[in-house]
J.: 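Mind having a look at this structure? Questions to follow.
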Protein chains: 2
Amino acid sequence: MEKNTVLGSLAALAHDMRLDVFRLLVKAGPDGMAAGEIASMLDVRANTLSNNLTVLAAAGLVRSAREGRSIRYFANMDRMRALLGFLLEDCCGGRPEICQPVLDQITCNCRGCHA
Amino acid sequence: MEKNTVLGSLAALAHDMRLDVFRLLVKAGPDGMAAGEIASMLDVRANTLSNNLTVLAAAGLVRSAREGRSIRYFANMDRMRALLGFLLEDCCGGRPEICQPVLDQITCNCRGCHA
DNA sequence: CAATTATTTCCATTAAACATGAAATATGGA
DNA sequence: TCCATATTTCATGTTTAATGGAAATAATTG
């Protein structure tokens with residue numbers, strides 16, 4: 001993953017509303033959510049949300065698809081995975097003795113995951 | 001990890017020089033690096049670097065310790081681990097079927113790590 | 001085609017972040 | 001104590017990002 005891509009993803013996520021939006025879309029999973037649904041769920045203005053969705057999309061963290069009158073948004077898990085991979089790579093960065101403890105302690109704590 | 005803490009960490013890392021600095025400190029490991037070493041290694045001005053080190057420190061991503069005339073900086077791996085944990089948690093967010101593939105594909109690719 | 005709903009774009013204003021030069025502080029050595 | 005080194009702090013000008021109102025675009029329905 002290129003550094004500028006990483007910077008873009010981090011900057012996109014480093015924002016109160018955008019982090020909420022992204023987390024909501026991750027939770028929504030493959031079904032995604034319409035812009036309007038997101039707006040009412042988070043109780044934010046439509047145009048501000050639209051701007052922030054544009055930022056997230058430009059960063060590659062979400063994608064969109066028109067569905068009738070609505071536009072549905074989806075979290076891009078591949079990008080998320082790549083971002084986490086990059087950050088983890090940094091953690092290790094030539095020093096295996098640092099890497100392993102980090103990986104060992106990171107686990108997924110949702111129901112059903114036993115990583 | 002609290003949301004504001006996460007936002008602070010993301011914002012701190014979402015900056016060209018700061019990402020470089022943090023990565024350098026991660027690579028340096030427990031030995032850390034003096035501010036001056038960082039500055040000459042990355043070829044940046046001392047005061048700009050100092051400002052950015054302050055930002056990273058405020059975000060909890062690095063810590064510092066005076067050592068004679070120099071001040072030595074260290075990456076805070078606990079914070080990094082917590083950040084990665086939070087982001088991964090988001091990945092899963094109530095949907096185990098999304099979580100596992102993400103974890104499966106994230107590996108440490110430095111020599112010596114077999115996660 | 002007019003009306004309605006969903007979302008985006010445009011624009012102006014405000015606020016925040018950034019890099020920089022210059023001055024200040026702290027430490028160690030002559 | 002005086003000087004050199006290492007780093008930080010301060011003040012400032014500039015750039016960038018965020019917000020929200022109003023208008024525009026797109027799709028559906030009557």
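Sequence lines set the chain letters: A, B, ... in the order given, protein chains first and strands last, and positions in each chain run from 1. As a basis for the values below, the full set of heavy atoms in this structure was taken, side chains included, without hydrogen atoms, waters or symmetry mates.
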J.: Where the side chain of B:Thr48 is defined as all heavy atoms beyond and including C-beta, which of C:dA19, C:dT7, D:dA18 is the nearest nucleotide?
T.: C:dA19

J.: Over how many whole Å does the gap from B:Ile71 atom CD1 to C:dT27 atom P extend?
T.: 9 Å

J.: Donor-acceptor pair, A:Asn76 side chain versus A:Gly60 backbone, under 3.5 Å?
T.: yes

J.: Identify all pairs in which a protein N or O lies below 3.5 Å from an N or O of nucleotides 21-23 of chain C, and state each distance.
T.:
from	atom 1	to	atom 2	distance (Å)
C:dG21	OP2	B:Arg45	NH1	2.7
C:dG21	N7	B:Asn47	ND2	2.8
C:dG21	O6	B:Asn47	ND2	2.9
C:dA22	N6	B:Asn47	ND2	3.3

J.: Rounded off to whole Å, could you give me the CE-to-C1' distance for the A:Met33 and C:dA6 pair?
T.: 15 Å

J.: Starting at atom NE2 of B:His15, determine the distance to atom P of D:dA17, rounded to an integer number of angstrom.
T.: 11 Å

J.: In whole Å, I'd like the distance from the OH atom of A:Tyr73 to the C1' atom of C:dA6.
T.: 11 Å

J.: Do A:Met33 and A:Leu25 have side chains that get closer than 4.5 Å, going by heavy atoms?
T.: yes

J.: Whole angstroms only, please: what is the CG-P distance between A:Leu7 and C:dA17?
T.: 17 Å

J.: Tell me whether A:Leu24 shares a hydrophobic cluster with A:Leu61, the cluster being built from Ile, Leu, Val, Met, Phe, Trp, Tyr side chains joined at under 4.5 Å.
T.: yes

J.: Taking the side chain as every heavy atom from C-beta outward, state whether B:Glu2 and B:Phe86 have any atom pair closer than 4.5 Å.
T.: no

J.: Would you say that B:Asp16 contacts B:Asp20 through its side chain, given a criterion of any heavy-atom pair below 4.5 Å between the two side chains?
T.: yes

J.: Mind listing the N/O atom pairs, protein and nucleotides 26-29 of chain D, below 3.5 Å?
T.:
from	atom 1	to	atom 2	distance (Å)
D:dT28	O2	A:Arg69	NH1	3.3

J.: Taking the side chain from A:Arg23 and the backbone from B:Leu87, do they hold a donor-acceptor pair closer than 3.5 Å?
T.: no

J.: According to salt bridge (Lys or Arg N to Asp or Glu O under 4.0 Å), does anything in residues 50-77 of chain B pair up with another residue at least two apart or in another chain? List the pairs.
T.: B:Glu37-B:Arg72, B:Glu67-B:Arg72

J.: Tell me: CG of B:Asp16 to P of D:dT16, nearest whole Å?
T.: 14 Å

J.: Give a yes or no on whether the backbone of A:Ala46 and the side-chain of A:Ser50 come within a donor-acceptor separation of less than 3.5 Å.
T.: no

J.: To the nearest angstrom, how far is A:Arg72 atom CZ from C:dT5 atom P?
T.: 19 Å

J.: Is there a side-chain contact between A:His15 and B:Leu10 in this structure, where contact means two heavy atoms from C-beta onward sitting under 4.5 Å apart?
T.: no

J.: 5'-most contact on DNA chain D: B:Ser50 or A:Ala11, nearest heavy atom basis?
T.: B:Ser50

J.: Nearest whole Å is fine: how far is D:dG20 C1' from A:Leu49 CG?
T.: 14 Å

J.: Among C:dA19, D:dT8, C:dT8, which nucleotide has an atom closest to any side-chain atom of A:Ala46?
T.: C:dT8

J.: Ignoring backbone atoms, establish whether A:Thr54 has a side-chain N or O less than 4.0 Å from OP1 or OP2 of C:dT8.
T.: no

J.: How is A:Arg18 classified with respect to the nucleic acid when contacts are heavy atoms under 4.0 Å: base, sugar-phosphate, or nothing?
T.: sugar-phosphate

J.: Base, sugar-phosphate, or nothing for B:Ala39, non-hydrogen atoms under 4.0 angstrom?
T.: nothing

